[in-house]
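Below, all heavy atoms of this structure are taken into account, side chains as well, without hydrogens, waters or symmetry copies. In listed order, ligands and their atoms are each counted from 1.
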Amino acid sequence: MKQAYEQSFGAAKVVTGSAHILDTGKSKILIDCGMFQGVNEHLNYAPLGFDPREIEALIITHGHLDHVGRIPLLYKYGFRGKVFAHPATFDIAKIVLLDSAKLQEEEYQTRYKKAQRRGKEKFVKKPLYTRDEVKKIFKQMNKKYIDYNKKYKITKDIKATFKDAGHILGSSFVEIEFENFGIPKNIVFSGDLGNKNNDILPKPQKGKIADALFIESTYGDRNHKSFEESKVEFKKTIVETLLSGGNVIIPTFAIERAQQILCILKEMSIEGSLPKDAKVILDSPMANKVTAVYRKWNKLLRKNCQKYKHHPFEFPQLNLIKDVEESKKINNIIRGAVIIAGSGMCNGGRILHHLKHRIWNPKNTILFVGYQAKGTLGRDIIDGAKFIKIFHEEIIVRAKIVTINGFSAHADQKELLEWMSEFKKLDRIFLIHGEYDKQIVFKSVIKNFFNKKAHIVNLGEKIYL
Ligand SMILES: [Zn+2]
Ligand SMILES: [Zn+2]
């Protein structure tokens with residue numbers, strides 16, 4: 001018999017790469033297996049740090065890449081256990097992994113061609129996985145579909161209850177129960193917690209008992225701007241630009257944000273503030289696919305969305321673009337269009353074409369509705385770049401640049417504390433999934449609020465439970 005422990009192999013002092021092992025001494029499970037993104041990207045090529053063949057079960061909290069992106073590697077190295085997640089999470093995870101594989105394959109081809117000209121092609125890093133591999137994995141995956149608020153037997157000694165985390169469709173936080181040396185243990189993994197201020201998903205459910213809580217801390221250092229005020233600003237920007245003969249370009253993430261934006265535009269359409277002859281164009285194959293999943297899981301949405309049955313995001317002015325030819329035709333539209341496309345930070349995707357064709361024109365508005373990381377084109381634009389480079393062409397920035405900050409899919413500091421205070425029992429607190437400087441702030445806030453010392457989890461550190 002061994003002392004039970006938790007060990008994080010990602011999302012330790014950083015936001016991405018979520019992968020947390022729980023070893024009860026009798027069985028070993030993994031919670032999430034996400035990809036490292038941004039400055040830590042190289043870590044995806046490092047060894048996982050554990051043997052996937054020893055993992056009996058994988059729990060997926062939600063379908064974001066930073067929580068599912070290394071799952072194909074688990075299979076590559078021999079994982080064959082059960083996989084527990086909400087069916088909507090399986091749907092989204094598949095879209096996300098296929099998209100990630102596609103980007104990796106494309107990037108590999110580009111780099112390979114360039115390296116070939118230098119005679120260095122054998123040094124080019126291969127994709128972590130391909131689309132074919134992802135498809136094969138989803139076929140062979142031993143999927144266990146969970147429903148919220150039911151207790152499931154995960155392994156011979158571990159039980160888990162999944163509750164709605166309100167972060168993206170299908171997202172869960174997980175309450176895990178087992179016994180260690182005859183003592184019952186309740187361990188909670190928050191996954192990513194949602195922002196209760198939004199139009200489409202319910203607020204995160206309440207947790208019950210946590211002898212140890214592993215909580216995300218993405219926005220542990222701050223509070224978001226008001227959602228309602230952001231919505232007003234969003235609507236005003238759209239109406240003003242369209243009425244003055246311009247177009248609005250909205251770079252957006254395909255999951256959650258795109259649907260939130262459609263929901264507000266639908267509201268504008270119903271209340272009559274969106275001109276009847278406006279054209280709202282969703283030019284993102286991925287957002288289209290994800291929106292279809294949201295439609296399919298209509299019962300998980302907020303009541304105000306459910307009342308539209310299977311059309312929570314549709315309205316007369318909306319046009320969904322499928323192929324590239326259709327996408328190119330958008331360039332001919334002179335005025336009155338709201339163009340929604342990815343990627344959310346303008347570091348790839350169809351948004352680049354729309355920026356190229358629109359950002360030079362002072363009549364247009366580029367409307368940012370999400371976080372722009374350092375080093376991305378989106379960040380350069382909101383930081384006030386006078387010229388930008390797209391496809392080797394230098395383009396002047398004359399369009400109006402508007403940034404709206406109240407649409408985050410993450411709970412802010414206030415909401416995290418509120419959620420924590422709802423537990424009947426909250427003993428030890430461990431901070432994961434956050435940048436270190438923000439975690440330090442959150443740790444001191446927790447000290448003031450609960451008079452408890454939270455621990456910031458280190459990569460690979462064993463935390464005995
Ligand atoms: Zn997430
Ligand atoms: Zn995350």
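K82 NZ: 12 or fewer foreign heavy atoms inside a 6.0 Å radius.
Between the Zn ion (ligand 1) and H62 there is an N/O/S contact shorter than 2.8 Å.
Rounded to 10°, the angle that NE2 of H167 and ND1 of H64 form at the Zn ion (ligand 1) is 90°. Taking the Zn ion (ligand 2) as the apex, the angle formed with NE2 of H67 and OD2 of D192 is 90°, to the nearest 10 degrees.
Using the six-membered ring where Trp is involved, F162 and F84 have ring planes that are parallel, under 30° apart on the 30 and 60° scheme. Between Y148 and H86, the ring planes are tilted. Angles from 30° to 60° get that label.
Heavy-atom minimum distance, Y294 versus I255: OH-CG2, 4.2 Å.
Restricting D66 to its N, O or S atoms, the one at the least distance from the Zn ion (ligand 2) is OD2.
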